[in-house]
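What follows is one structure encoded as structure tokens, with my remarks underneath.
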Protein chains: 2
Amino acid sequence: MFSIDLTSRVPIYEQICKKITELVLNGTLSENDQLPSVRSFAKDSGVNPNTVAKAYQELERNGIIYSVPGRGSFIAKQKMEEFKNNALANFDIAAVSAFDVGIPPDELKKRIDKIHDNYRKGKQL
Amino acid sequence: MFSIDLTSRVPIYEQICKKITELVLNGTLSENDQLPSVRSFAKDSGVNPNTVAKAYQELERNGIIYSVPGRGSFIAKQKMEEFKNNALANFDIAAVSAFDVGIPPDELKKRIDKIHDNYRKGKQL
DNA sequence: ATAACCGTACCACATGATATAGTACACTTG
DNA sequence: CAAGTGTACTATATCATGTGGTACGGTTAT
């Protein structure tokens with residue numbers, strides 16, 4: 001269910017955080033959905049329970065999930081505003097980098113349409 | 001001349017690479033301009049010569065600079081196409097992330113105009 | 001030629017992040 | 001009570017990063 005690349009230079013716990021955050025964003029996981037336990041997740045993906053616990057704690061700090069000792073870990077009610085602000089901040093940085101290498105605003109606008117078309121098609125699969 | 005943050009979680013050699021790449025992109029450094037020697041750079045910025053050497057070797061692998069033993073390190077002839085492709089690839093990723101959190105294409109387009117205005121103003125300073 | 005500088009290549013060492021392994025505790029559910 | 005849960009430790013190993021030192025060969029200017 002959760003694909004983890006053990007050979008990547010990206011820390012495993014970071015991959016887990018990113019993956020779960022993705023699943024929340026695209027609607028696969030919703031509020032109060034229960035996550036796998038740290039032990040079962042660890043067993044299924046072949047990593048150490050401590051590593052999964054670290055990822056869950058990181059996610060809890062970021063308000064993505066909440067954990068209850070004895071019960072489990074669950075998806076939290078999301079603050080979409082923060083997600084949007086983060087996405088826009090990253091978008092700004094990418095746009096400025098594009099301007100730096102001489103790409104004009106019009107080309108970026110055209111590109112947005114293209115990406116959005118592909119995005120909708122991808123969603124239909 | 002080169003501001004390095006010794007306390008950052010980002011590796012020093014990576015900061016050096018990014019900084020020099022920036023200076024090339026914005027035109028501060030041009031083809032065949034000579035860079036500080038690994039020793040003088042290290043002394044000025046308070047890091048180890050080995051760390052600067054590592055950064056220079058990384059830059060050479062990326063085709064940003066070229067080094068000649070006995071003479072020094074210099075800015076290489078840049079392949080702008082690669083820079084543009086990288087910038088566009090990053091832009092695509094940022095745009096998709098924005099779509100993921102429900103930001104519509106039109107809002108991104110408006111944002112591009114805003115960013116571009118600020119970008120031009122920033123360039124005039 | 002000599003001295004000074006250049007990039008480069010080592011080696012040893014310290015540190016921090018990452019990951020594993022094992023154990024233990026308190027809590028909740030059946 | 002038993003099983004499963006998150007959490008908190010300790011210890012250990014590995015890797016990336018950074019430092020310090022030394023050395024070699026090439027280049028430049030005196």
Side-chain angles (χ1 to χ4, degrees), chain A residues 1-21 24 29 31-77, chain B residues 1-21 24 29 31-77:
Chain A
M1 180 176 186
F2 299 92
S3 57
I4 302 299
D5 180 8
L6 301 179
T7 72
S8 169
R9 70 277 162 359
V10 178
I12 297 175
Y13 76 93
E14 213 168 287
Q15 293 183 47
I16 296 174
C17 289
K18 193 173 179 181
K19 193 68 186 175
I20 293 181
T21 302
V24 172
L29 294 175
E31 190 178 348
N32 294 328
D33 281 353
Q34 184 161 12
L35 292 167
S37 74
V38 290
R39 290 175 180 82
S40 67
F41 192 131
K43 192 177 178 185
D44 290 352
S45 56
V47 303
N48 193 278
N50 288 331
T51 303
V52 181
K54 184 173 183 180
Y56 279 15
Q57 287 158 12
E58 178 82 10
L59 286 167
E60 189 164 20
R61 271 197 300 275
N62 294 346
I64 311 290
I65 72 174
Y66 63 93
S67 294
V68 184
R71 292 200 59 231
S73 298
F74 308 86
I75 303 296
K77 180 164 170 38
Chain B
M1 180 175 185
F2 298 92
S3 58
I4 302 299
D5 180 8
L6 300 180
T7 72
S8 170
R9 64 305 157 339
V10 178
I12 297 175
Y13 74 93
E14 213 168 287
Q15 293 184 46
I16 297 175
C17 288
K18 191 172 180 182
K19 192 68 184 177
I20 292 181
T21 303
V24 171
L29 294 175
E31 191 179 347
N32 293 328
D33 281 353
Q34 184 162 12
L35 292 167
S37 75
V38 290
R39 289 175 180 82
S40 67
F41 192 129
K43 191 177 178 185
D44 290 352
S45 57
V47 302
N48 193 280
N50 287 333
T51 303
V52 181
K54 184 173 184 179
Y56 279 15
Q57 286 158 13
E58 178 83 11
L59 286 166
E60 189 165 20
R61 270 197 301 276
N62 294 345
I64 311 290
I65 72 174
Y66 63 93
S67 295
V68 184
R71 294 200 59 231
S73 298
F74 309 86
I75 304 296
K77 179 162 171 40

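Note that the coordinates shown come from a computational prediction; the quantities given were computed from them, not determined experimentally. What you see below is based on every heavy atom in this structure, not just the backbone, and it leaves out hydrogens, waters and symmetry mates. Here is how names work: the chains are called A, B, and so on, in the same order as the sequence lines, proteins then strands, and each is numbered from 1.
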Does the [X] side chain pair with the main chain of [Y], one donor and one acceptor, at a distance under 3.5 Å?
X: B:Asn48; Y: B:Asn50; result: yes
X: B:Glu60; Y: B:Ser67; result: yes
X: A:Gln15; Y: A:Val10; result: yes
X: B:Gln34; Y: B:Arg71; result: yes

Closest to side chain of [X], choosing from [options]:
X: A:Arg39; options: C:dT8, D:dT7, C:dA19; answer: D:dT7
X: A:Gln57; options: D:dT7, C:dT20, D:dT19; answer: D:dT7
X: A:Pro69; options: D:dT19, D:dG6, C:dT8; answer: D:dG6

Which whole-number value in Å describes the distance from [X] [atom1] to [N] [atom2]?
X: B:Ile12; N: D:dA16; atom1: CD1; atom2: P; result: 17 Å
X: A:Asp44; N: D:dG4; atom1: CG; atom2: C1'; result: 15 Å
X: A:Gln15; N: C:dT18; atom1: CD; atom2: C1'; result: 12 Å
X: A:Phe41; N: D:dG6; atom1: CZ; atom2: C1'; result: 15 Å
X: A:Lys43; N: D:dA3; atom1: NZ; atom2: P; result: 14 Å
X: A:Glu58; N: D:dG6; atom1: CD; atom2: C1'; result: 17 Å
X: A:Leu6; N: D:dT14; atom1: CG; atom2: P; result: 17 Å
X: A:Tyr66; N: D:dT7; atom1: OH; atom2: C1'; result: 18 Å

Respond yes when some side-chain nitrogen or oxygen of [X] is under 4.0 Å from OP1 or OP2 of [N], and no when none is.
X: A:Ser40; N: D:dG4; value: no
X: B:Ser37; N: C:dC6; value: yes
X: A:Lys54; N: C:dA19; value: no
X: A:Thr51; N: C:dT20; value: yes
X: B:Tyr13; N: D:dT17; value: yes

**Request:** Indicate yes or no: at least one non-hydrogen side-chain atom of B:Phe41 is less than 4.5 angstrom from one of B:Leu35.
**Result:** no

**Asked** Mapping B:Val38 and A:Val68 to their closest nucleotides on DNA chain C, which lands nearer the 5' end?
**Response** B:Val38

**Fill in**
When A:Asn48 and B:Glu60 are each assigned the nearest nucleotide of DNA chain C, the 5'-most assignment goes to B:Glu60

**Prompt:** Run the side chain to side chain contact (heavy atoms under 4.5 Å, CB included) check on B:Leu29 and B:Phe74 step by step: do they pass?
**Reply:** CA-CA 10 Å; B:Leu29 294 175; B:Phe74 309 86; over 6 Å; no

**Prompt:** Heavy atoms under 4.0 Å, any strand shown: does A:Gln34 hit a base, just sugar-phosphate, or nothing?
**Reply:** nothing

**Prompt:** Contact class for A:Arg9 (heavy atom, under 4.0 Å): base, sugar-phosphate, or nothing?
**Reply:** nothing

**Asked** Looking only at N and O atoms, is any donor in the side chain of B:Arg71 or the base of C:dG7 less than 3.5 Å from an acceptor on the other one?
**Response** no

**Prompt:** With no angle test and no hydrogens, is the base of C:dG7 tied to the side chain of B:Asn50 by a donor-acceptor pair under 3.5 Å?
**Reply:** no

